[in-house]
Amino acid sequence: MIPNLTFIVKTFHQYNTLIFEKKLPIPSFRLTHARTFHGKLAYRVRRSLFKKECSDFELRISLDFDLPEKEWEDVVIHEMIHLYIAANGIEDTSSHGTVFQGKMIEINRLFNRHIKISAKSTPEQKEPGSSRIRGHYLCLAKFSDGRLGVAPAAKTRIFDLWEISRFFPNVVSYRWIGSTDPWFNRFPRVMKPKLYLTTTGELLPHLRGALILQKEGAAIRAISQRCSPDELLP
């Protein structure tokens with residue numbers, strides 16, 4: 001799933017009550033398109049001679065990753081541990097030092113969670129221009145104002161997303177294609193209706209060799225005839 005703000009805020013409050021006894025300060029929440037982290041706690045630090053004071057907490061969650069719901073919950077709880085340490089002025093040995101790890105192990109044991117120290121990004125997540133060859137099921141959509149959108153669908157969700165125009169009233173035409181062009185690696189695969197905006201000039205060079213897809217009953221098949229890139233546009 002791709003998280004939204006409602007899910008993130010609800011998850012925070014749920015586990016603030018369940019794990020932290022409602023004692024964590026409420027941060028601001030922000031969704032980003034960062035590719036270097038799933039979640040991150042940002043805050044301001046003021047240091048004096050005797051103490052360190054943290055404030056202006058902001059929980060940032062990246063929309064550029066498609067994870068199961070339970071993993072997103074663990075991401076939020078991971079950042080809540082950072083918030084617990086910072087808000088209480090606890091000194092740790094490092095960012096994920098002994099205090100953090102002790103709290104993480106405790107939560108995993110008591111609440112059957114699977115929180116990790118860090119989540120390693122795959123090379124294609126870190127580098128949008130990755131040259132790795134992957135198969136993509138792509139919906140190309142044209143909006144009434146002429147803009148183009150692309151939705152690389154998870155294979156298991158194609159049937160749910162097939163008639164994309166019913167989710168976006170301003171989509172006037174759409175087409176499903178199959179492609180192995182590495183340019184499409186930059187887009188996270190969608191589980192729910194979502195379109196990433198692009199332009200004709202940006203998209204056309206990467207449509208070479210793509211095939212039109214059609215739905216036949218309970219199967220998705222590629223039409224074998226080759227089309228020029230402009231013929232693949234919706």
Side-chain angles (χ1 to χ4, degrees), residues 1-5 7-8 30-40 60-67 72 75 119-215 220-234:
M1 64 172 282
I2 307 296
N4 56 39
L5 202 57
F7 170 80
I8 298 303
R30 184 156 72 92
L31 302 178
T32 79
H33 284 283
R35 288 183 172 271
T36 55
F37 62 81
H38 294 163
K40 181 177 182 179
R60 301 171 183 173
I61 297 293
S62 176
L63 299 178
D64 277 20
F65 299 91
D66 191 343
L67 303 176
W72 278 122
V75 168
K120 294 187 181 298
S121 302
T122 61
E124 59 267 23
Q125 288 170 331
K126 291 180 179 178
E127 299 293 337
S130 168
S131 60
R132 180 184 171 193
I133 301 299
R134 301 169 59 193
H136 296 282
Y137 297 88
L138 303 161
C139 180
L140 308 180
K142 183 178 181 180
F143 293 93
S144 55
D145 60 5
R147 292 180 302 163
L148 289 175
V150 57
K155 188 176 181 179
T156 56
R157 305 295 292 175
I158 294 177
F159 286 98
D160 295 328
L161 302 173
W162 188 264
E163 294 185 17
I164 198 79
S165 59
R166 67 188 175 93
F167 301 109
F168 301 94
N170 53 342
V171 167
V172 294
S173 60
Y174 65 94
R175 171 166 285 159
W176 283 86
I177 67 168
S179 174
T180 58
D181 192 300
W183 184 79
F184 293 106
N185 293 352
R186 67 187 60 205
F187 300 109
R189 291 182 176 176
V190 301
M191 304 286 287
K192 295 181 179 180
K194 181 174 183 176
L195 290 164
Y196 298 97
L197 292 179
T198 184
T199 64
T200 301
E202 186 177 39
L203 181 63
L204 272 177
H206 306 288
L207 296 182
R208 296 183 184 280
L211 296 172
I212 296 174
L213 301 179
Q214 64 181 18
K215 182 160 68 81
I220 304 294
R221 304 188 189 283
I223 299 177
S224 60
Q225 74 178 73
R226 295 281 179 174
C227 300
S228 61
D230 59 323
E231 290 176 312
L232 295 172
L233 292 174

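All values below were derived from every heavy atom in this structure, side-chain atoms included, with hydrogens, water molecules and symmetry-related copies excluded. Positions are given from 1, in the same order as the sequence printed here.
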### Query
Closest heavy-atom contact between Asp181 and Ser179?
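Looking at all heavy atoms of both residues, the closest pair is N-OG, 3.1 Å.
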
### Task
Please report the shortest heavy-atom distance between Met1 and Trp72, naming the atom on each side.
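In terms of heavy atoms, the two residues are closest at O-NE1, 2.9 Å.
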
With a 4.5 Å limit on heavy-atom distance, are the side chains of [X] and [Y] in contact?
| X | Y | answer |
| --- | --- | --- |
| Asn185 | Arg134 | yes |
| Leu195 | Phe167 | no |
| Leu148 | Leu140 | no |
| Arg189 | His136 | yes |
| Phe184 | Val150 | yes |
| Pro3 | Phe65 | no |
| Leu233 | Leu204 | yes |
| Asp64 | Phe37 | no |

Quick check for you: to the nearest 0.5 Å, what is the distance between [X] atom [atom1] and [Y] atom [atom2]?
| X | Y | atom1 | atom2 | value |
| --- | --- | --- | --- | --- |
| Thr32 | Leu63 | OG1 | CG | 6.5 Å |
| Leu138 | Ile177 | CG | CD1 | 5.0 Å |
| Leu207 | Leu232 | CG | CG | 5.5 Å |
| Arg221 | Gln214 | CZ | CD | 9.0 Å |

#### Entry: Pairs meeting criterion side chain to side chain donor-acceptor pair (under 3.5 Å) with involvement of residues 167-177, two or more places apart
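Matches after skipping sequence neighbours: none remain.
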
Kindly list each side-chain donor-acceptor pair under 3.5 angstrom involving residues 157-166, sequence neighbours excluded, with atom names and distances?
from: Arg157; atom 1: NE; to: Met191; atom 2: O; distance (Å): 2.9
from: Arg157; atom 1: NH1; to: Asp160; atom 2: OD2; distance (Å): 3.1
from: Arg157; atom 1: NH2; to: Met191; atom 2: O; distance (Å): 3.4
from: Arg166; atom 1: NH2; to: Asp160; atom 2: O; distance (Å): 3.4

### Query
Is there a side-chain contact (heavy atoms from CB on, under 4.5 Å) between Val190 and Asp66 once you walk through the steps?
CA-CA 7 Å; Val190 301; Asp66 191 343; 5.9 Å; no

### Query
Heavy-atom count around Lys194 NZ within 6.0 Å, excluding the residue itself: above 12?
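Yes.
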
